[in-house]
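The structure appears below as structure tokens.
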There are 2 protein chains.
Amino acid sequence: MNKVLTSGLEDYLEVISNYLKKYNKVRAIDIAKELNVSRASVSEALKRLADKNLINYGRYGAISITGEGEKAAAAIIEKHTLLQKFFKDILGLEEQESAENACKIEHVISENVLERLNQFVKFNEKNPEFLKNFHNYMK
Amino acid sequence: MNKVLTSGLEDYLEVISNYLKKYNKVRAIDIAKELNVSRASVSEALKRLADKNLINYGRYGAISITGEGEKAAAAIIEKHTLLQKFFKDILGLEEQESAENACKIEHVISENVLERLNQFVKFNEKNPEFLKNFHNYMK
DNA sequence: ACAAAATGTTAGGTTTGCCTTACATTATAA
DNA sequence: TTATAATGTAAGGCAAACCTAACATTTTGT
């Protein structure tokens, strides 16, 4: 059983984790709507995630996330959050566009880039002068 | 015939365009080596690219790129170049890591993010003081 | 409580992209 | 120039993701 997650499975896991945090439960149809896929596709993805021990679920059972699954989800969500922040706060893009790009890039960005980006964002928070100038320059 | 390129086909097209610019010719095996895939996979990809009128080629014929293909390739390469520059010059990452990340992100980033990133890089070139401080801060 | 609606699963397909193996063609070098 | 090496293609397979349609189960509303 291969533990490496495809972009697709990462998306499923991310949605599951976020949904559970918000509502304490998640159904296949919620995931289907969130990801714009069919219920059947969700069923298949859940099987694959369960195979990898990232979620627990059985026929018609409630979906829960395992410790391992939560760890994997947290890593993805961390990437997402940072990227979205970068696009919105540094580049000054809209919420929606920032989120969409974060959603795609989170699956392919390396740890080193992530870390540097993190430092970059932090440095800008400590030294806001430059960013102010950049945002003025763009107007 | 669908004109939208998958990440995979974008990679093939990019390699073809770059190779043609450098050497004025490109063979299936060059592409195979560059992308770490089999010659057979390249054969298939070339068929798909030709179907979409992005390249010209026939059985055992030389591969050339169409105007449309060159336009598509240029768009991808532009993204690649800018992203790589950002990772290397702004975030201060190594050449190799910058290239690898650019290679993946170029397929998913939106036009707006690209444009903003471009402005951001340009602004930094005009105002190098901030970046100097950031790079010092990271040491 | 039970029919209707909602949700979940299965079966059977499709497409993309990759592979290996075997064969076809072209290039090369003795 | 011709055998060998290099390269290109075709055939047949596989896996990931997606789909629709049909069926199973659960939930809901009266």
Side-chain angles (χ1 to χ4, degrees), chain A residues 1-16 19-20 23-65 69 72 76 103-104 106-108, chain B residues 1-16 19-20 22-65 69 72-73 76 103-104 106-108:
Chain A
M1 179 231 315
N2 178 15
K3 276 292 166 59
V4 173
L5 289 179
T6 60
S7 301
L9 283 194
E10 283 187 352
D11 282 333
Y12 283 105
L13 193 59
E14 196 178 357
V15 167
I16 291 167
Y19 238 90
L20 285 176
Y23 306 112
N24 283 310
K25 63 168 188 166
V26 62
R27 295 169 307 165
I29 202 175
D30 300 323
I31 303 168
K33 278 176 187 156
E34 193 75 23
L35 293 175
N36 280 306
V37 295
S38 68
R39 285 171 296 148
S41 296
V42 174
S43 233
E44 290 164 4
L46 292 179
K47 262 186 248 165
R48 288 198 302 271
L49 286 173
D51 276 353
K52 292 174 196 289
N53 261 303
L54 299 170
I55 63 168
N56 300 118
Y57 101 116
R59 255 183 94 92
Y60 293 94
I63 297 161
S64 68
I65 198 160
I76 306 160
C103 238
K104 290 177 188 161
E106 71 193 16
H107 304 298
V108 298
Chain B
M1 180 233 315
N2 179 14
K3 277 291 165 63
V4 173
L5 290 179
T6 61
S7 302
L9 284 194
E10 284 188 351
D11 282 333
Y12 284 104
L13 194 58
E14 196 178 358
V15 167
I16 292 167
Y19 238 89
L20 285 177
K22 240 198 245 175
Y23 306 112
N24 281 311
K25 62 169 190 165
V26 63
R27 294 169 307 167
I29 201 175
D30 301 321
I31 303 167
K33 279 177 186 155
E34 193 75 22
L35 293 176
N36 280 306
V37 295
S38 68
R39 284 171 294 148
S41 296
V42 174
S43 232
E44 290 164 4
L46 293 180
K47 261 186 251 165
R48 271 180 274 135
L49 287 172
D51 276 352
K52 292 173 196 291
N53 262 303
L54 300 170
I55 63 167
N56 300 118
Y57 100 117
R59 253 181 97 92
Y60 293 94
I63 298 161
S64 67
I65 198 162
I76 305 159
C103 237
K104 290 177 189 160
E106 71 193 18
H107 304 298
V108 297

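By convention in this document, chain letters (A, B, ...) are assigned in the order of the sequence lines, proteins followed by strands, and residues within each chain are numbered from 1. Atoms considered below: every heavy atom in the structure, side chains included; atoms not considered: hydrogens, waters and symmetry mates.
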Can you tell me the distance, in whole Å, between the CD1 atom of B/Ile31 and the P atom of D/dT9? 10 Å

Taking CD1 from A/Ile55 and P from C/dG8, how many angstroms apart are they, rounded to a whole number? 12 Å

Rounded to whole Å, how long is the line connecting atom CG of B/Leu35 with atom P of C/dT16? 18 Å

Heavy atoms, side chains only, cut-off 4.5 Å: are B/Leu9 and B/Lys52 in contact? yes

Could you state the atom-to-atom distance from CG of B/Leu13 to C1' of C/dG17 in whole Å? 17 Å

Under 4.0 Å from OP1 or OP2 of C/dT15: is there any side-chain N or O of B/Arg48 that close? no

Please tell me if A/Ser38 has a side-chain N or O lying less than 4.0 Å from either OP1 or OP2 of D/dC18. no

Touch check for A/Ala40, heavy atoms < 4.0 angstrom, all strands: base, sugar-phosphate only, or nothing? base

Partner set under side chain to side chain contact (heavy atoms under 4.5 Å, CB included) for B/Ile31, not counting sequence neighbours: B/Tyr12, B/Val15, B/Ile16, B/Val26, B/Leu35, B/Val42, B/Leu46, B/Ile63

Would you mind checking if A/Asp51 and A/Arg48 are paired as a salt bridge, meaning a charged N to carboxylate O distance below 4.0 Å? no

Nearest to the side chain of A/Arg27 - C/dG8, D/dG8, C/dC18? C/dG8

Less than 4.0 angstrom between a side-chain N/O of B/Arg39 and OP1 or OP2 of D/dG8, yes or no? no

Under a 4.5 Å cut-off applied to non-hydrogen side-chain atoms, are B/Leu5 and B/Leu49 in contact? yes

Of B/Val42 and A/Asn36, whose nearest nucleotide on DNA chain D comes first from the 5' end? B/Val42

Heavy atoms under 4.0 Å, any strand shown: does B/Asp30 hit a base, just sugar-phosphate, or nothing? nothing

Is there side-chain contact between B/Lys25 and B/Asp30, with at least one heavy-atom pair below 4.5 Å? no

So, is B/Lys47 close to the D/dT9 phosphate, meaning a side-chain N or O under 4.0 Å from OP1 or OP2? no

Take atom CD of B/Glu44 and atom C1' of C/dT20, then tell me their distance rounded to the nearest Å. 12 Å

With a 4.0 Å limit, can you tell me whether A/Arg59 has a side-chain N or O closer than that to the phosphate oxygens OP1/OP2 of D/dT26? no

B/Tyr60 side chain: which of D/dT26, D/dA11, D/dT9 is closest? D/dT9

Atom CD1 of A/Ile29 and atom C1' of D/dT25: how far apart are they, to the nearest Å? 14 Å

Rounded to whole Å, how long is the line connecting atom CD1 of A/Ile16 with atom C1' of C/dG8? 14 Å

OP1 or OP2 of C/dT16 versus the side-chain N and O atoms of B/Thr6: is any pair under 4.0 Å? no

Would you say C/dT9 has OP1 or OP2 under 4.0 Å from some side-chain N or O of A/Ser43? yes

Just the rounded figure in Å: distance from P of D/dA17 to CG of A/Leu46. 13 Å

Give B/Gly61 one of three labels, base, sugar-phosphate or nothing, depending on what nucleic acid heavy atoms sit under 4.0 Å from its own. nothing

Any side-chain N or O of B/Tyr12 below 4.0 angstrom from OP1/OP2 of C/dC18? yes

For residues B/Leu13 and B/Ala72, report the shortest heavy-atom separation together with the two atoms involved. CD2-CB, 3.7 Å

